[in-house]
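This report concerns only the one structure given below.
These figures come from a predicted structure and were not determined experimentally. Remember, it's 1-based here, ligands and their atoms both numbered in the order they're listed.
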Amino acid sequence: MTEAATIRCQFQVPFGFDVLFTERVFSRANPLLRRLLLTGQRNAREKLLVVVEQPIVALMPGLPEEIRAYFAASPDVELVAAPVELPGGELLKNHYASIEQLHARIEQHHLSRHSYVAAIGGGALLDVVGFAAATAHRGIRHIRFPTTTLSQADGGVGVKNAINAFGKKNFVGTFTPPFAVINDSEFLRFLPDTRKSAGYIEAVKVGLIRDAGFFSEIETMADALNRFEPAAMHRLIHRSAELHVQHICRGGDPFEFGAARPLDFGHWAAHKLEQLSAFRITHSEAVAIGIALDVIYSRNAGYLSPADAERILALIRKLRFALFGPELLRGDAESERALLGGLEEFREHLGGELTITLLEGVGRGFEVHEISPEGVLRAIKELRERDQPLAEHE
Ligand SMILES: NC(=O)c1ccc[n+]([C@@H]2O[C@H](COP(=O)([O-])OP(=O)(O)OC[C@H]3O[C@@H](n4cnc5c(N)ncnc54)[C@H](O)[C@@H]3O)[C@@H](O)[C@H]2O)c1
Ligand SMILES: [Zn+2]
(Lines give C-alpha, C1' and ligand atoms only; values in the text may rest on other atoms or scores of the structure.)
(Ligands and ions follow the chains in the order given, each with its own letter.)
Protein backbone atom coordinates (compact mmCIF):
# COMPACT_ATOMS: atom_id res chain seq x y z
CA MET A 1 0.00 0.00 0.00
CA THR A 2 1.28 3.46 -0.78
CA GLU A 3 0.78 6.42 1.46
CA ALA A 4 -1.62 7.86 -1.09
CA ALA A 5 -4.05 5.06 -0.23
CA THR A 6 -4.61 6.52 3.24
CA ILE A 7 -7.54 8.78 3.96
CA ARG A 8 -6.91 10.66 7.14
CA CYS A 9 -9.71 12.06 9.24
CA GLN A 10 -8.97 14.36 12.14
CA PHE A 11 -11.28 16.70 13.97
CA GLN A 12 -11.90 18.33 17.28
CA VAL A 13 -15.22 18.66 19.02
CA PRO A 14 -15.56 21.44 21.55
CA PHE A 15 -17.01 20.12 24.80
CA GLY A 16 -18.04 22.15 27.79
CA PHE A 17 -20.50 22.14 30.64
CA ASP A 18 -21.27 24.14 33.76
CA VAL A 19 -21.49 22.95 37.34
CA LEU A 20 -24.11 25.19 38.92
CA PHE A 21 -24.72 25.65 42.64
CA THR A 22 -28.13 26.39 44.05
CA GLU A 23 -30.64 25.63 46.79
CA ARG A 24 -34.08 24.11 46.13
CA VAL A 25 -33.70 23.95 42.38
CA PHE A 26 -37.32 22.83 41.80
CA SER A 27 -38.91 25.60 43.82
CA ARG A 28 -41.14 27.59 41.43
CA ALA A 29 -39.31 30.81 42.31
CA ASN A 30 -35.87 29.42 41.35
CA PRO A 31 -35.13 30.41 37.72
CA LEU A 32 -31.78 28.57 37.39
CA LEU A 33 -33.03 25.43 35.66
CA ARG A 34 -35.44 27.26 33.36
CA ARG A 35 -32.59 29.55 32.27
CA LEU A 36 -30.26 26.61 31.76
CA LEU A 37 -32.75 24.80 29.55
CA LEU A 38 -33.20 27.94 27.46
CA THR A 39 -29.49 27.86 26.56
CA GLY A 40 -30.02 24.56 24.71
CA GLN A 41 -33.25 25.68 23.10
CA ARG A 42 -33.95 25.33 19.39
CA ASN A 43 -37.33 26.33 17.98
CA ALA A 44 -39.14 23.28 19.26
CA ARG A 45 -40.34 22.57 22.78
CA GLU A 46 -37.84 20.02 24.07
CA LYS A 47 -38.82 16.90 25.98
CA LEU A 48 -37.48 16.03 29.41
CA LEU A 49 -37.50 12.75 31.31
CA VAL A 50 -36.58 12.87 35.01
CA VAL A 51 -35.20 9.88 36.93
CA VAL A 52 -35.00 10.11 40.71
CA GLU A 53 -33.75 7.84 43.46
CA GLN A 54 -36.50 6.16 45.51
CA PRO A 55 -34.87 6.76 48.93
CA ILE A 56 -34.80 10.49 48.14
CA VAL A 57 -38.51 10.51 47.29
CA ALA A 58 -39.13 8.67 50.59
CA LEU A 59 -37.30 11.47 52.42
CA MET A 60 -38.78 14.27 50.29
CA PRO A 61 -42.27 13.00 49.43
CA GLY A 62 -43.28 16.34 47.91
CA LEU A 63 -40.45 16.23 45.33
CA PRO A 64 -42.27 14.55 42.37
CA GLU A 65 -45.15 17.04 42.63
CA GLU A 66 -42.69 19.94 42.97
CA ILE A 67 -40.95 18.78 39.77
CA ARG A 68 -44.27 18.44 37.96
CA ALA A 69 -45.38 21.93 39.05
CA TYR A 70 -42.01 23.46 38.10
CA PHE A 71 -42.25 22.26 34.51
CA ALA A 72 -45.99 22.84 34.23
CA ALA A 73 -45.08 26.51 34.61
CA SER A 74 -42.31 26.37 31.98
CA PRO A 75 -43.49 26.72 28.43
CA ASP A 76 -40.16 25.73 26.84
CA VAL A 77 -39.84 22.19 28.16
CA GLU A 78 -42.26 19.29 28.24
CA LEU A 79 -41.96 16.91 31.16
CA VAL A 80 -42.98 13.71 29.39
CA ALA A 81 -44.03 11.70 32.47
CA ALA A 82 -43.99 11.64 36.25
CA PRO A 83 -40.39 11.14 37.48
CA VAL A 84 -39.20 7.56 37.03
CA GLU A 85 -38.19 6.18 40.43
CA LEU A 86 -35.28 3.75 40.73
CA PRO A 87 -33.54 2.34 43.81
CA GLY A 88 -30.12 3.90 44.25
CA GLY A 89 -26.80 2.59 45.50
CA GLU A 90 -24.22 0.25 44.04
CA LEU A 91 -26.67 -2.65 43.49
CA LEU A 92 -28.36 -0.63 40.78
CA LYS A 93 -25.09 -0.67 38.81
CA ASN A 94 -24.87 -4.47 38.90
CA HIS A 95 -27.77 -5.20 36.57
CA TYR A 96 -28.36 -4.27 32.99
CA ALA A 97 -32.14 -4.34 33.56
CA SER A 98 -32.22 -0.72 34.75
CA ILE A 99 -30.54 0.42 31.52
CA GLU A 100 -33.08 -1.48 29.46
CA GLN A 101 -35.90 0.01 31.50
CA LEU A 102 -34.58 3.54 30.90
CA HIS A 103 -34.07 2.91 27.18
CA ALA A 104 -37.67 1.67 27.01
CA ARG A 105 -38.91 4.89 28.64
CA ILE A 106 -36.83 7.02 26.28
CA GLU A 107 -38.29 5.13 23.32
CA GLN A 108 -41.85 5.16 24.68
CA HIS A 109 -41.85 8.94 25.07
CA HIS A 110 -40.11 9.56 21.73
CA LEU A 111 -37.17 11.48 23.16
CA SER A 112 -34.72 12.73 20.52
CA ARG A 113 -31.04 13.61 20.71
CA HIS A 114 -32.11 17.15 21.60
CA SER A 115 -34.26 16.04 24.53
CA TYR A 116 -33.04 15.89 28.11
CA VAL A 117 -32.64 13.05 30.56
CA ALA A 118 -32.18 14.33 34.11
CA ALA A 119 -30.95 12.20 37.00
CA ILE A 120 -31.39 13.03 40.68
CA GLY A 121 -29.42 10.78 42.99
CA GLY A 122 -26.10 9.55 44.34
CA GLY A 123 -23.09 8.71 42.18
CA ALA A 124 -24.37 5.21 41.45
CA LEU A 125 -27.70 6.33 40.04
CA LEU A 126 -25.99 9.10 38.05
CA ASP A 127 -23.66 6.52 36.52
CA VAL A 128 -26.60 4.32 35.47
CA VAL A 129 -28.78 7.09 34.06
CA GLY A 130 -25.75 8.74 32.45
CA PHE A 131 -24.94 5.50 30.64
CA ALA A 132 -28.53 5.03 29.47
CA ALA A 133 -28.63 8.65 28.22
CA ALA A 134 -25.25 8.35 26.50
CA THR A 135 -26.26 5.22 24.60
CA ALA A 136 -29.91 5.88 23.60
CA HIS A 137 -29.82 7.47 20.13
CA ARG A 138 -26.03 7.50 20.65
CA GLY A 139 -26.39 10.30 23.15
CA ILE A 140 -29.17 12.39 24.65
CA ARG A 141 -28.47 15.55 26.65
CA HIS A 142 -27.97 14.57 30.26
CA ILE A 143 -28.39 16.80 33.32
CA ARG A 144 -27.05 15.56 36.65
CA PHE A 145 -28.31 16.45 40.09
CA PRO A 146 -25.86 14.74 42.50
CA THR A 147 -27.42 14.29 45.94
CA THR A 148 -24.51 13.08 48.10
CA THR A 149 -21.53 15.09 49.34
CA LEU A 150 -19.26 12.65 47.52
CA SER A 151 -21.00 12.94 44.18
CA GLN A 152 -21.32 16.76 44.43
CA ALA A 153 -17.63 17.11 45.33
CA ASP A 154 -16.18 14.44 43.07
CA GLY A 155 -17.93 11.65 41.15
CA GLY A 156 -21.00 13.49 39.88
CA VAL A 157 -19.20 16.43 38.31
CA GLY A 158 -17.09 14.48 35.80
CA VAL A 159 -17.50 13.05 32.30
CA LYS A 160 -17.77 9.33 33.02
CA ASN A 161 -20.61 6.91 33.45
CA ALA A 162 -20.68 3.13 33.85
CA ILE A 163 -22.33 0.01 35.12
CA ASN A 164 -20.59 -3.03 36.62
CA ALA A 165 -20.33 -6.26 34.63
CA PHE A 166 -18.55 -9.64 34.85
CA GLY A 167 -17.90 -8.87 38.51
CA LYS A 168 -15.82 -5.83 37.52
CA LYS A 169 -16.61 -2.32 38.63
CA ASN A 170 -17.39 0.22 35.90
CA PHE A 171 -16.71 -2.36 33.18
CA VAL A 172 -19.27 -1.01 30.69
CA GLY A 173 -19.54 2.73 30.27
CA THR A 174 -18.63 5.79 28.26
CA PHE A 175 -16.90 9.14 28.52
CA THR A 176 -19.72 11.58 27.82
CA PRO A 177 -19.72 15.15 29.13
CA PRO A 178 -23.07 16.07 30.67
CA PHE A 179 -25.19 18.98 29.45
CA ALA A 180 -24.86 20.43 32.96
CA VAL A 181 -24.47 19.46 36.62
CA ILE A 182 -26.60 21.09 39.30
CA ASN A 183 -25.39 20.84 42.90
CA ASP A 184 -28.41 21.56 45.10
CA SER A 185 -27.46 21.78 48.80
CA GLU A 186 -31.01 20.99 49.87
CA PHE A 187 -30.55 17.28 49.05
CA LEU A 188 -27.63 16.99 51.48
CA ARG A 189 -29.83 17.82 54.47
CA PHE A 190 -31.35 14.35 54.32
CA LEU A 191 -28.12 12.39 54.20
CA PRO A 192 -27.06 10.34 57.24
CA ASP A 193 -23.97 11.84 58.95
CA THR A 194 -21.49 9.25 57.67
CA ARG A 195 -22.62 9.94 54.12
CA LYS A 196 -22.32 13.68 54.72
CA SER A 197 -18.67 13.32 55.62
CA ALA A 198 -17.93 10.73 52.90
CA GLY A 199 -17.12 13.51 50.43
CA TYR A 200 -14.66 15.20 52.79
CA ILE A 201 -11.90 12.70 52.13
CA GLU A 202 -11.96 13.22 48.33
CA ALA A 203 -11.61 16.95 49.01
CA VAL A 204 -8.61 16.27 51.25
CA LYS A 205 -7.20 14.10 48.45
CA VAL A 206 -7.48 16.72 45.74
CA GLY A 207 -6.12 19.40 48.10
CA LEU A 208 -3.14 17.19 48.85
CA ILE A 209 -2.17 16.68 45.23
CA ARG A 210 -3.17 20.09 43.85
CA ASP A 211 -3.82 22.91 46.31
CA ALA A 212 -2.03 23.41 49.63
CA GLY A 213 -4.21 26.45 50.39
CA PHE A 214 -7.35 24.34 50.14
CA PHE A 215 -5.82 21.71 52.42
CA SER A 216 -5.15 24.43 55.04
CA GLU A 217 -8.69 25.68 54.62
CA ILE A 218 -10.06 22.20 55.35
CA GLU A 219 -7.88 22.09 58.48
CA THR A 220 -9.36 25.40 59.60
CA MET A 221 -12.92 24.27 58.83
CA ALA A 222 -12.57 20.78 60.34
CA ASP A 223 -14.68 21.47 63.45
CA ALA A 224 -17.39 23.15 61.41
CA LEU A 225 -17.31 20.26 58.96
CA ASN A 226 -17.67 17.77 61.81
CA ARG A 227 -20.77 19.72 62.89
CA PHE A 228 -21.97 19.64 59.24
CA GLU A 229 -22.32 23.40 59.11
CA PRO A 230 -23.78 24.22 55.66
CA ALA A 231 -21.35 27.07 54.89
CA ALA A 232 -18.29 24.88 55.54
CA MET A 233 -19.77 21.97 53.58
CA HIS A 234 -20.59 24.29 50.71
CA ARG A 235 -17.06 25.69 50.57
CA LEU A 236 -15.52 22.21 50.67
CA ILE A 237 -17.80 20.86 47.94
CA HIS A 238 -17.36 23.93 45.74
CA ARG A 239 -13.55 23.94 45.77
CA SER A 240 -13.29 20.16 45.50
CA ALA A 241 -15.65 20.12 42.50
CA GLU A 242 -13.71 23.01 40.97
CA LEU A 243 -10.37 21.20 41.30
CA HIS A 244 -11.85 17.99 39.88
CA VAL A 245 -13.41 19.81 36.94
CA GLN A 246 -10.23 21.82 36.29
CA HIS A 247 -8.34 18.56 36.09
CA ILE A 248 -10.76 17.29 33.44
CA CYS A 249 -10.93 20.43 31.33
CA ARG A 250 -7.37 21.72 31.72
CA GLY A 251 -5.41 18.59 32.52
CA GLY A 252 -5.03 17.64 28.87
CA ASP A 253 -6.54 14.16 29.10
CA PRO A 254 -10.31 14.42 29.76
CA PHE A 255 -11.06 10.97 28.33
CA GLU A 256 -8.12 9.30 30.07
CA PHE A 257 -6.19 8.04 27.05
CA GLY A 258 -2.96 8.19 29.03
CA ALA A 259 -1.97 6.02 31.98
CA ALA A 260 -1.74 8.72 34.64
CA ARG A 261 -4.66 9.03 37.06
CA PRO A 262 -3.50 11.65 39.57
CA LEU A 263 -6.99 12.06 41.02
CA ASP A 264 -6.76 8.43 42.06
CA PHE A 265 -4.21 9.34 44.74
CA GLY A 266 -4.68 6.91 47.64
CA HIS A 267 -7.00 4.79 45.53
CA TRP A 268 -4.88 1.81 44.53
CA ALA A 269 -4.97 0.39 48.05
CA ALA A 270 -8.49 1.71 48.62
CA HIS A 271 -10.00 -0.27 45.76
CA LYS A 272 -8.30 -3.42 47.00
CA LEU A 273 -9.31 -2.82 50.59
CA GLU A 274 -12.96 -2.36 49.66
CA GLN A 275 -12.78 -5.70 47.87
CA LEU A 276 -10.83 -7.53 50.64
CA SER A 277 -13.36 -6.35 53.22
CA ALA A 278 -16.27 -7.51 51.02
CA PHE A 279 -17.30 -3.84 51.00
CA ARG A 280 -17.62 -3.66 54.82
CA ILE A 281 -15.21 -0.75 54.44
CA THR A 282 -16.91 1.94 52.35
CA HIS A 283 -15.17 3.74 49.49
CA SER A 284 -14.47 6.90 51.50
CA GLU A 285 -13.24 4.95 54.54
CA ALA A 286 -10.96 2.96 52.24
CA VAL A 287 -9.69 6.12 50.53
CA ALA A 288 -8.79 7.62 53.95
CA ILE A 289 -6.71 4.51 54.72
CA GLY A 290 -5.25 4.45 51.19
CA ILE A 291 -4.15 8.09 51.52
CA ALA A 292 -2.62 7.41 54.96
CA LEU A 293 -0.73 4.46 53.46
CA ASP A 294 0.66 6.47 50.55
CA VAL A 295 1.55 9.35 52.89
CA ILE A 296 3.64 7.10 55.14
CA TYR A 297 5.16 5.43 52.10
CA SER A 298 6.05 8.87 50.66
CA ARG A 299 7.65 9.89 53.97
CA ASN A 300 9.62 6.63 54.35
CA ALA A 301 10.88 6.95 50.78
CA GLY A 302 12.23 10.41 51.63
CA TYR A 303 9.85 12.38 49.41
CA LEU A 304 7.65 13.89 52.12
CA SER A 305 8.79 15.59 55.32
CA PRO A 306 7.83 13.91 58.62
CA ALA A 307 6.09 17.15 59.68
CA ASP A 308 3.88 17.17 56.58
CA ALA A 309 3.07 13.49 57.04
CA GLU A 310 1.97 14.12 60.65
CA ARG A 311 -0.12 17.07 59.58
CA ILE A 312 -1.96 15.01 56.95
CA LEU A 313 -2.59 12.04 59.24
CA ALA A 314 -3.87 14.42 61.93
CA LEU A 315 -6.45 15.93 59.56
CA ILE A 316 -7.67 12.51 58.44
CA ARG A 317 -8.16 11.55 62.11
CA LYS A 318 -9.76 14.88 62.94
CA LEU A 319 -12.35 14.29 60.22
CA ARG A 320 -13.08 11.01 62.01
CA PHE A 321 -11.65 8.56 59.52
CA ALA A 322 -9.70 5.51 60.69
CA LEU A 323 -6.13 4.98 59.45
CA PHE A 324 -6.27 1.21 59.34
CA GLY A 325 -8.62 -1.68 58.58
CA PRO A 326 -7.83 -5.21 59.81
CA GLU A 327 -8.37 -6.56 56.28
CA LEU A 328 -5.12 -4.77 55.30
CA LEU A 329 -2.95 -7.06 57.36
CA ARG A 330 -4.19 -10.36 58.60
CA GLY A 331 -0.60 -11.36 59.18
CA ASP A 332 -0.41 -14.25 56.71
CA ALA A 333 1.51 -14.30 53.46
CA GLU A 334 -1.64 -14.86 51.46
CA SER A 335 -3.33 -11.65 52.62
CA GLU A 336 -0.10 -9.73 51.96
CA ARG A 337 -0.12 -11.09 48.43
CA ALA A 338 -3.78 -10.15 48.05
CA LEU A 339 -3.16 -6.53 48.98
CA LEU A 340 -0.08 -6.19 46.82
CA GLY A 341 -2.11 -7.74 43.99
CA GLY A 342 -3.98 -4.43 44.13
CA LEU A 343 -0.98 -2.79 42.49
CA GLU A 344 -1.18 -5.18 39.57
CA GLU A 345 -4.94 -4.65 39.23
CA PHE A 346 -4.41 -0.91 39.29
CA ARG A 347 -1.81 -1.21 36.53
CA GLU A 348 -4.24 -3.30 34.46
CA HIS A 349 -6.99 -0.76 35.03
CA LEU A 350 -4.70 2.02 33.79
CA GLY A 351 -3.95 -0.13 30.78
CA GLY A 352 -0.19 -0.24 30.71
CA GLU A 353 2.49 1.19 32.89
CA LEU A 354 1.94 1.35 36.64
CA THR A 355 1.52 5.01 37.58
CA ILE A 356 1.00 5.87 41.22
CA THR A 357 0.74 9.38 42.65
CA LEU A 358 2.81 10.08 45.76
CA LEU A 359 3.42 13.31 47.65
CA GLU A 360 6.47 15.52 47.91
CA GLY A 361 4.62 18.10 49.97
CA VAL A 362 1.12 19.24 50.85
CA GLY A 363 -0.43 20.27 47.53
CA ARG A 364 2.34 18.62 45.53
CA GLY A 365 1.61 15.22 44.02
CA PHE A 366 4.00 13.53 41.64
CA GLU A 367 4.10 10.23 39.80
CA VAL A 368 6.17 7.11 40.25
CA HIS A 369 6.12 3.93 38.19
CA GLU A 370 7.39 1.54 40.78
CA ILE A 371 6.35 0.75 44.33
CA SER A 372 8.35 -1.39 46.71
CA PRO A 373 6.27 -4.20 48.24
CA GLU A 374 8.42 -4.12 51.41
CA GLY A 375 7.83 -0.39 51.69
CA VAL A 376 4.08 -0.92 51.43
CA LEU A 377 4.11 -3.59 54.15
CA ARG A 378 6.21 -1.37 56.40
CA ALA A 379 3.76 1.49 55.95
CA ILE A 380 0.80 -0.79 56.70
CA LYS A 381 2.44 -2.00 59.92
CA GLU A 382 2.93 1.57 61.03
CA LEU A 383 -0.72 2.35 60.32
CA ARG A 384 -1.76 -0.63 62.44
CA GLU A 385 0.39 0.64 65.32
CA ARG A 386 -1.00 4.14 65.05
CA ASP A 387 -4.60 3.06 64.84
CA GLN A 388 -4.39 0.65 67.78
CA PRO A 389 -7.40 1.42 70.02
CA LEU A 390 -6.24 2.67 73.44
CA ALA A 391 -7.66 -0.32 75.31
CA GLU A 392 -5.29 -2.72 73.53
CA HIS A 393 -2.25 -0.81 74.80
CA GLU A 394 -3.35 -1.05 78.39
N1 LIG B 1 -18.61 8.63 37.04
C2 LIG B 1 -17.58 8.97 37.79
O3 LIG B 1 -16.67 9.67 37.35
C4 LIG B 1 -17.52 8.51 39.21
C5 LIG B 1 -16.51 8.98 40.04
C6 LIG B 1 -16.48 8.58 41.39
C7 LIG B 1 -17.45 7.68 41.83
N8 LIG B 1 -18.39 7.21 40.97
C9 LIG B 1 -19.40 6.24 41.40
O10 LIG B 1 -20.26 6.84 42.36
C11 LIG B 1 -20.78 5.81 43.19
C12 LIG B 1 -20.72 6.27 44.63
O13 LIG B 1 -21.52 7.40 44.75
P14 LIG B 1 -22.10 7.92 46.16
O15 LIG B 1 -21.03 7.98 47.15
O16 LIG B 1 -22.88 9.13 45.84
O17 LIG B 1 -22.99 6.71 46.66
P18 LIG B 1 -24.34 6.03 46.17
O19 LIG B 1 -24.82 6.58 44.89
O20 LIG B 1 -24.11 4.57 46.25
O21 LIG B 1 -25.37 6.48 47.28
C22 LIG B 1 -25.15 6.08 48.61
C23 LIG B 1 -26.47 5.91 49.35
O24 LIG B 1 -27.01 7.18 49.65
C25 LIG B 1 -28.39 7.23 49.30
N26 LIG B 1 -28.68 8.63 48.98
C27 LIG B 1 -28.30 9.33 47.90
N28 LIG B 1 -28.67 10.62 48.02
C29 LIG B 1 -29.29 10.74 49.22
C30 LIG B 1 -29.88 11.84 49.93
N31 LIG B 1 -29.84 13.08 49.45
N32 LIG B 1 -30.39 11.61 51.16
C33 LIG B 1 -30.37 10.35 51.68
N34 LIG B 1 -29.84 9.28 51.07
C35 LIG B 1 -29.30 9.47 49.84
C36 LIG B 1 -28.49 6.26 48.17
O37 LIG B 1 -29.79 5.75 48.03
C38 LIG B 1 -27.53 5.16 48.57
O39 LIG B 1 -28.13 4.24 49.44
C40 LIG B 1 -19.96 4.57 42.92
O41 LIG B 1 -20.73 3.68 42.14
C42 LIG B 1 -18.78 5.07 42.11
O43 LIG B 1 -18.30 4.12 41.20
C44 LIG B 1 -18.45 7.62 39.68
ZN1 LIG C 1 -12.77 8.01 45.20
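Looking only at heavy atoms of the protein, atom 37 (O) of ligand 1 is closest to Glu53 OE2, 2.3 Å. Annotation: atom 6 (C) of ligand 1 to nearest protein heavy atom, Gly155 CA, 3.4 Å.
A salt bridge links Glu327 to Arg280: at least one charged side-chain nitrogen sits closer than 4.0 Å to a carboxylate oxygen.
Inspection of the Glu285 and Thr282 side chains reveals an N or O donor paired with an N or O acceptor under 3.5 Å.
Close approach of ligand 1 to Thr148 is summarised as follows: ligand atoms under 4.0 Å from at least one heavy atom of the residue are 14 (P), 16 (O), 27 (C), 28 (N). Distances below 4.0 Å separate heavy atoms of Leu59 from the following atoms of ligand 1: 32 (N), 33 (C). Residue-ligand proximity, Pro55 to ligand 1, at heavy-atom distances under 4.0 Å covers atoms 37 (O). Of all atoms in ligand 1, listed by their number and element, those nearer than 4.0 Å to a heavy atom of Lys160 are 1 (N), 3 (O).
Residues Val287 and Phe321 are not in side-chain contact: their nearest non-hydrogen atoms beyond the backbone lie 4.5 Å or more apart.
Under the 4.0 angstrom criterion for non-hydrogen atoms, Ala198 is not in contact with ligand 1. Taking 4.0 Å as the cut-off, Lys169 counts as a neighbour of ligand 1 on heavy-atom distance. Residue Gly89 places a heavy atom under 4.0 Å from ligand 1.
Here atom 24 (O) of ligand 1 lies nearest to Arg195 when heavy atoms of Arg195, Glu90, His244 are compared. Around atom 35 (C) of ligand 1, the closest heavy atom drawn from Leu191, Asp264, Thr147, Thr282 belongs to Leu191.
Under 4.0 Å from ligand 1, the heavy atoms of Ile56 that appear belong solely to its side chain. Within the 4.0 Å heavy-atom criterion, the part of Leu150 lying near ligand 1 is the side chain and not the backbone.
Between Arg386 and Arg317 the shortest heavy-atom distance is O-NH1, 3.9 Å. Residues Leu293 and Ile380 approach most closely at CD1-CG1, 3.6 Å, considering heavy atoms. Nearest approach of His137 to Arg113, heavy atoms of both residues: O-NE, 3.0 Å.
In terms of N/O distances under 3.5 Å, ligand 1 is approached by Gly123. The shortest N or O to N or O distance between Asp127 and ligand 1 is below 3.5 Å. Annotation: Phe187 places an N or O atom under 3.5 Å from an N or O atom of ligand 1; distance criterion only. Of the N or O atoms in Ala124, one or more lie within a sub-3.5 Å distance of an N or O in ligand 1.
Between Phe228 and Tyr200, the ring planes are tilted. Angles from 30° to 60° get that label. Using cut-offs of 30° and 60° for the angle between ring planes, the His267 and His271 rings count as perpendicular. Between Phe166 and Phe171, the angle of the ring planes goes over 60°, which puts this pair in the perpendicular group of the 30/60° scheme.
Taking the ring centroids of His142 and Tyr116, they lie at or beyond the 6.0 Å cut-off.
Using a cut-off of 2.8 Å, one finds that Glu202 contributes an N/O/S atom close to the Zn ion (ligand 2).
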List the steps and the verdict of side-chain contact (heavy atoms from CB on, under 4.5 Å) for Glu66 and Ser27. CA-CA 7 Å; Glu66 206 180 8; Ser27 123; 4.0 Å; yes
